[in-house]
Amino acid sequence: MNKTCYEWTIQAPNEFRFTENLKYLSRSSNECLFNIIDQKIYRALAFENEKLLVEISATNETELHVRIPGRTAPIDKPVLDAVSTYIRTWFDLDTNLLPFYELAKNDPLLQKPVHLFFGLRNMGIPDLFEAIAWGILGQQINLTYAYTLKRRLVESFGERIVYEGKDYWLFPTPESIAGLTVEDLSVMRMTVKKCEYLIDVAQLMAKGELTKEKLLLANDVKAAEKMLTKIRGIGPWTANYVLMRCLRFPAAFPIDDVGLHNSIKLVLQMEVKPTKTEIQTWSQAWSEWESYATFYLWRLLY
């Protein structure tokens, strides 16, 4: 690591393709938590008392180049280590995908997406509050409008870093939302129920009653799902989405997801969407890879 300009390299596994993950991250022009400029990702991150702008690019398909642009003041090593950990977590670099690709190559549903998107990772949402909020915001609306709601939330209640005239936003902390009222969130123009759910989750997290560590200690996807679904506004779909994208439970499976049903219908050229029983039968071959199977099938649509 070059201590004067804060640049370093993160080695990714062989089963990783930076361009595939960049394509995935580029799917919405209304994303507000990172910018992609000239094949480089710029994202604001906060660790301890530090707020940093991070630039991620690729030296080659399996080598990430990380830089902290515009920073001349010293940065403590634990903070730089936290940046690396965040990136590894975000790109899911520590998961060995070889067993998944092995099972997928002869699977009638997974053959096509793994061929098309080889090297794609289940791009995560490392921050628990962001993951739950995104799940709540996306309930019963299309993806385009969900991005609009997220932008309103972030730009109304999040902090930002300004670099070369551009704003780079941080997702609001639970503490910043916990003390708000439904009326405070009216700027977002979403349902009263969703406002209440966001505030409830923020209060649980601000008090330490809901944490990533507690969910991980469950060490079982069904136990963790039960912990989440006890919270008002979090049903099985939202719980499994969070377990899949944030907690990285490999068996997390939002089986009732409409996008999953539409993707399977597309792959198998079905006249009607598959039944839950049919999906359960097909997914038996995906044991402990349900999360990745879902993510790759989603990629056919999004």
Side-chain angles (χ1 to χ4, degrees), residues 7-45 52-69 82-102 104-105 110-127 130-131 134-135 138 143 146-147 150 168-169 171 241-250 252 254 257 259-260 263 289-302:
E7 297 185 45
W8 67 99
T9 297
I10 296 176
Q11 190 65 45
N14 290 331
E15 299 73 37
F16 177 84
R17 297 292 180 270
F18 181 74
T19 51
E20 277 304 326
N21 293 280
L22 198 67
K23 286 176 192 173
Y24 173 79
L25 292 173
S26 304
R27 71 198 188 285
S28 174
S29 60
N30 200 23
E31 175 59 63
C32 60
L33 289 176
F34 54 84
N35 290 0
I36 298 174
I37 304 166
D38 297 330
Q39 300 293 100
K40 297 175 181 178
I41 305 165
Y42 293 86
R43 180 162 196 163
L45 297 176
L52 302 171
L53 178 64
V54 177
E55 176 195 282
I56 307 166
S57 59
T59 309
N60 56 54
E61 286 286 16
T62 60
E63 201 169 83
L64 301 182
H65 183 73
V66 185
R67 189 170 74 95
I68 311 295
V83 171
S84 290
T85 298
Y86 185 95
I87 292 168
R88 296 195 70 86
T89 304
W90 188 21
F91 283 85
D92 198 28
L93 296 183
D94 294 322
T95 293
N96 176 14
L97 279 193
L98 279 173
F100 173 66
Y101 285 142
E102 190 63 28
K105 68 182 182 183
L110 299 179
Q111 277 180 320
K112 180 179 179 179
V114 298
H115 173 71
L116 289 174
F117 310 120
F118 180 85
L120 176 67
R121 294 277 155 162
N122 176 0
M123 293 298 298
I125 307 175
D127 179 75
E130 180 189 338
W134 181 229
L143 194 59
Y147 274 106
K150 183 170 79 166
Y168 298 90
W169 290 92
F171 198 82
Y241 184 84
V242 171
L243 295 175
M244 172 183 169
R245 301 295 301 281
C246 180
L247 282 303
R248 300 296 193 184
F249 279 85
D257 182 77
L260 176 65
S263 181
W289 287 105
E290 291 91 341
S291 175
Y292 256 93
T294 301
F295 191 75
Y296 265 75
L297 285 164
W298 278 345
R299 186 68 183 105
L300 291 169
L301 301 178
Y302 309 123

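All of these numbers come straight from a predicted model, not from anything done at the bench.
- Annotation: the span from Trp298 atom CH2 to Met244 atom CE amounts to 4.0 Å, rounded to 0.5 Å.
- With sequence neighbours excluded, the residues that form a side chain to side chain contact (heavy atoms under 4.5 Å, CB included) with Ile10 are Trp8, Leu64, Val66, Ser84, Ile87, Arg88, Leu93.
- Residues satisfying the side chain to side chain contact (heavy atoms under 4.5 Å, CB included) test with Arg121, not counting sequence neighbours, are Pro13, Glu15, Phe16, Asn21, Asp92, Thr95, Leu97, Tyr292.
- Applying the salt bridge (Lys or Arg N to Asp or Glu O under 4.0 Å) test to Arg43 and every residue at least two apart in sequence or in another chain returns Glu130.
- Listed by first and then second residue, the salt bridge (charged side-chain N to carboxylate O under 4.0 Å, His left out) pairs involving residues 52-64 are Glu55-Arg67 (not counting sequence neighbours).
- Not counting sequence neighbours, Trp90 has no partner by the side chain to side chain donor-acceptor pair (under 3.5 Å) test.
- Considering only residues two or more places apart in sequence or on other chains, Asn30 meets the side chain to side chain contact (heavy atoms under 4.5 Å, CB included) condition with Ser28, Tyr147, Thr148, Arg151.
- Under the ring-ring contact (aromatic ring centres under 6.0 Å, His included) criterion, Tyr168 pairs with no residue at all, not counting sequence neighbours.
- To the nearest 0.5 angstrom, Leu120 atom CG is 6.5 Å from Arg299 atom CZ.
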Could you go through Phe295 and Phe100, starting from their C-alpha distance and side-chain angles, then the distance that decides it, and tell me whether this counts as ring pair (Phe, Tyr, Trp, His ring centres under 6.0 Å)?
CA-CA 12 Å; Phe295 191 75; Phe100 173 66; over 10 Å; no
Show me, pair by pair, the donor-acceptor contacts under 3.5 angstrom made by side chains of residues 32-40, not counting sequence neighbours?
none

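- Of all the heavy atoms in Ile56 and Phe18, the pair that sits closest is O-CZ, 4.1 Å.
- Atom OG1 of residue Thr89 and atom CE of residue Met123 lie 11.0 Å apart, to the nearest 0.5 angstrom.
- When atom types are taken as modelled, the side chain of Ser263 and the backbone of Gly259 share no donor-acceptor pair closer than 3.5 angstrom.
- In this structure Ser291 satisfies the side chain to side chain donor-acceptor pair (under 3.5 Å) test together with Asn122, sequence neighbours excluded.
- Not counting sequence neighbours, the partners of Lys105 by the side chain to side chain contact (heavy atoms under 4.5 Å, CB included) test are Glu102.
- Here the closest heavy-atom approach between residue Leu45 and residue Val54 is recorded as CD1-CG2, 3.8 Å.
- Closest approach of Thr62 and Gln11 over heavy atoms only: O-NE2, 3.0 Å.
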Stepwise side-chain contact (heavy atoms from CB on, under 4.5 Å) test for Leu116 and Tyr296
CA-CA 9 Å; Leu116 289 174; Tyr296 265 75; over 6 Å; no
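- A donor-acceptor pair is defined here as one N or O able to donate and one able to accept, closer than 3.5 Å; no such pair exists between the side chain of Tyr241 and the backbone of Ala131.
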Phe118 and Arg17: side-chain contact (heavy atoms from CB on, under 4.5 Å), yes or no, with the steps?
CA-CA 7 Å; Phe118 180 85; Arg17 297 292 180 270; 3.5 Å; yes
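- Note that the CD1 atom of Ile125 and the CG atom of Leu247 stand 11.5 Å from one another [nearest 0.5 Å].
- The side chain to side chain donor-acceptor pair (under 3.5 Å) search around His115 returns none, not counting sequence neighbours.
- When all heavy atoms of Pro113 and Leu297 are compared, the pair lying nearest together is CG-CD2, 4.2 Å.
- Judged as a side chain to side chain donor-acceptor pair (under 3.5 Å), and not counting sequence neighbours, Lys112 has no contacts.
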